[in-house]
Every structure is written in structure tokens, then in C-alpha cells.
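Have a look at the structure below before the remarks.
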Amino acid sequence: MSRPFRGMLVLFGIVATLVLTGVSLAAVALLGPGVIDGSSGPGAGFRSRAGCSTPALAGTVVNVTATDMGGPMMGGGRGMGGMRLSADRAVVQHGEVSFLVTNAGRLAHEMVILPLPGSQTAGSRVTGGDGKIDETGSLGEASATCASGAGQGILPGAAGWVTVTLSPGRYELVCNLPGHYAAGMYAQITVT
């Protein structure tokens, strides 16, 4: 095979990869997760492609979004695996707090609420051989698709929710499905 021909094949491969990536991104944009149905108020009226909607949620509502790149997790530090768990507020008043977790990713996710003791920082928990962290002391979780509480994971384009009573302190919100925490799926909130 001549050198110019090999160069053309490499160039063709690069162009084909870019075109397929663009088509994939366009498909994700067109077929992405749920839409808002126009209801007002935080936590009201989320409707997903899964056909579920949330009830009126009690207390302060924290909207949490789970995102991923839809590919294999690379591990390492926050965001290196293309995964993130983010909350729309970092500080809430103590008392009844509802978490509405929307899965804007391509994989199933969950959200577990854990206290952050002392000077421990979010993202610093040790993962075990199963790719998960210890959930001892969990105050609740949203891991059911289109429902409240624990389940098998919130499917892409859907939501799950949980309402808990929180005392003043610092808390970590985590996705504890295997490998997700290490890939960057954690957030911190402070309760005053």
C-alpha cells in the first residue's frame, strides 16, 4: 500500500469519526431526556419520556440532576468519568427537604443522602472492590423510577424523589451505583 493511499485512509477515518460523532450528538439532542410540562413551582410537574410526573413535594425542594456521557467510566477524580451529580442550591434551611432527582444521562442513576462528619469533604469517601462506598448512616435515597424512595435506579429521562427531615450540618449527595461515585457523582449541601 502506498504512503499517499494510507494517508488518505487515515484522513477518511478521521472525517468519518467526526461525522458519526456529530450525528450521535444530534440524536441525543433530539431524543434526550424529559421535558417540562409548563407547571409552576420547584418540583412540580416534571414529565419524562417514561411518562411519570412528580406529586407536589413537601418542604424545601432541591432539584438534583444526574448526568453522564453514556460511555464507560474512566474513574479518577471528579468529572474524569464524565459523570456529575449537581444540586440547584448549596444551602437549605433545616427541616423537611424534598429532593427531586432528574436523570439527564444515558445510564441509570440514584441519589443517596449521607452526613459529612467533621472536616471530611465531598468526594473523599473510599470506594470498595465493588466500586461503591459505605452507605452506613444514610438518611434516605431516591433510586426509584417515577416514584419516591428506594428502587433499582432512576432510568434515563425519568425522575425519582425523596423527602427527609434534615438537621443543621453538612451532607453529601451521592450516586452509589458501581463506579459512579469515583467517576464524579457527588455534591455537597449545607443545612442551616
Side-chain angles (χ1 to χ4, degrees), residues 28 31-71 73 78-79 81-90 92-93 95-116 122-123 125 127 130-166 171-189 191:
V28 168
L31 303 174
V35 296
I36 301 298
D37 69 359
S39 298
S40 61
F46 173 84
R47 185 169 301 283
S48 74
R49 292 194 190 282
C52 61
S53 60
T54 62
L57 297 173
T60 302
V61 176
V62 177
N63 293 291
V64 178
T65 304
T67 56
D68 62 69
M69 298 291 286
M73 295 163 287
R78 181 166 174 84
M83 299 185 141
R84 188 164 302 262
L85 197 66
S86 56
D88 68 347
R89 58 185 74 204
V92 296
Q93 291 288 328
E96 199 169 35
V97 180
S98 291
F99 294 89
L100 174 60
V101 183
T102 303
N103 185 348
R106 308 284 291 166
L107 305 170
H109 293 294
E110 68 177 10
M111 186 210 66
V112 178
I113 307 161
L114 296 167
L116 267 173
R125 296 176 195 265
T127 55
D130 61 356
K132 298 170 73 173
I133 61 171
D134 183 3
E135 288 185 17
T136 301
S138 166
L139 302 172
E141 72 179 80
S143 59
T145 298
C146 301
S148 177
Q152 299 300 310
I154 301 168
L155 295 176
W161 54 92
V162 64
T163 300
V164 295
T165 301
L166 296 178
Y171 298 87
E172 185 174 20
L173 311 177
V174 305
C175 179
N176 203 23
L177 295 179
H180 291 203
Y181 182 79
M185 295 201 77
Y186 53 84
Q188 179 177 318
I189 64 165
V191 178

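Just so it is clear, the structure is predicted and the values come from calculations on it, not from any experiment. Sequential numbering from 1 along the given sequence is applied to the chain's residues.
- Atom NE2 of residue H180 and atom SG of residue C175 lie 5.5 Å apart, to the nearest 0.5 angstrom.
- In terms of heavy atoms, N103 sits closest to I154 at ND2-O, 2.8 Å.
- Minimum heavy-atom separation, T67 to A104: CG2-CB, 3.9 Å.
- Atoms CZ and CD1, from F99 and I113 in turn, are 4.5 Å apart once rounded to the nearest 0.5 Å.
- At least one donor-acceptor pair under 3.5 Å links the side chain of Y181 to the backbone N or O of R125.
- You'll find the side chain of V64 stays beyond 4.5 Å of the side chain of L100, heavy atoms only.
- When side chains are defined from C-beta on, R89 does not count as touching I189, because their heavy atoms never get closer than 4.5 Å.
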Only pairs under 3.5 Å count here: list side-chain donor-acceptor contacts from residues 157-165, not counting sequence neighbours, and write none if there are none.
unit_1	atom_1	unit_2	atom_2	d
T163	OG1	S98	OG	2.6

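- Side-chain atoms of N63 never come within 3.5 Å of backbone atoms of D88 as a donor-acceptor pair (strictly under, hydrogens ignored).
- Closest non-hydrogen pair, V101 versus A142, comes out as CG2-CB, 3.8 Å.
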Decide yes or no on side-chain contact (heavy atoms from CB on, under 4.5 Å) for M83 and L107, but give the supporting numbers first. CA-CA 10 Å; M83 299 185 141; L107 305 170; 3.5 Å; yes
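- The closest donor-acceptor contact from the side chain of D68 to the backbone of R106 lies under 3.5 Å.
- Taking a 6.0 Å sphere around CD of Q152, one finds it holds 12 or fewer heavy atoms contributed by other residues, nucleotides or ligands.
- The CG atom of L114 lies 9.5 Å from the CD atom of E141; values are rounded to the nearest 0.5 Å.
- T65 is listed as a side-chain neighbour of S86, based on a closest heavy-atom distance under 4.5 Å.
- Between A87 and L173, the closest heavy-atom pair is CB-CD1, 4.3 Å.
- For the atom pair CG (L177) and NZ (K132), the distance works out to 7.0 Å, reported to the nearest 0.5 Å.
- The heavy-atom pair separating A144 from A150 by the smallest distance is CB-O, 3.7 Å.
- Shortest non-hydrogen contact noted between G137 and P115 is O-CD, 3.4 Å.
- Expressed to the nearest 0.5 Å, how far OG1 of T127 lies from CD1 of I133 amounts to 9.0 Å.
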From CA spacing to verdict: side-chain contact (heavy atoms from CB on, under 4.5 Å), Y186, V174: CA-CA 4 Å; Y186 53 84; V174 305; 4.1 Å; yes
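- In this structure, CD on E110 lies 9.0 Å from CE on M185, to the nearest 0.5 angstrom.
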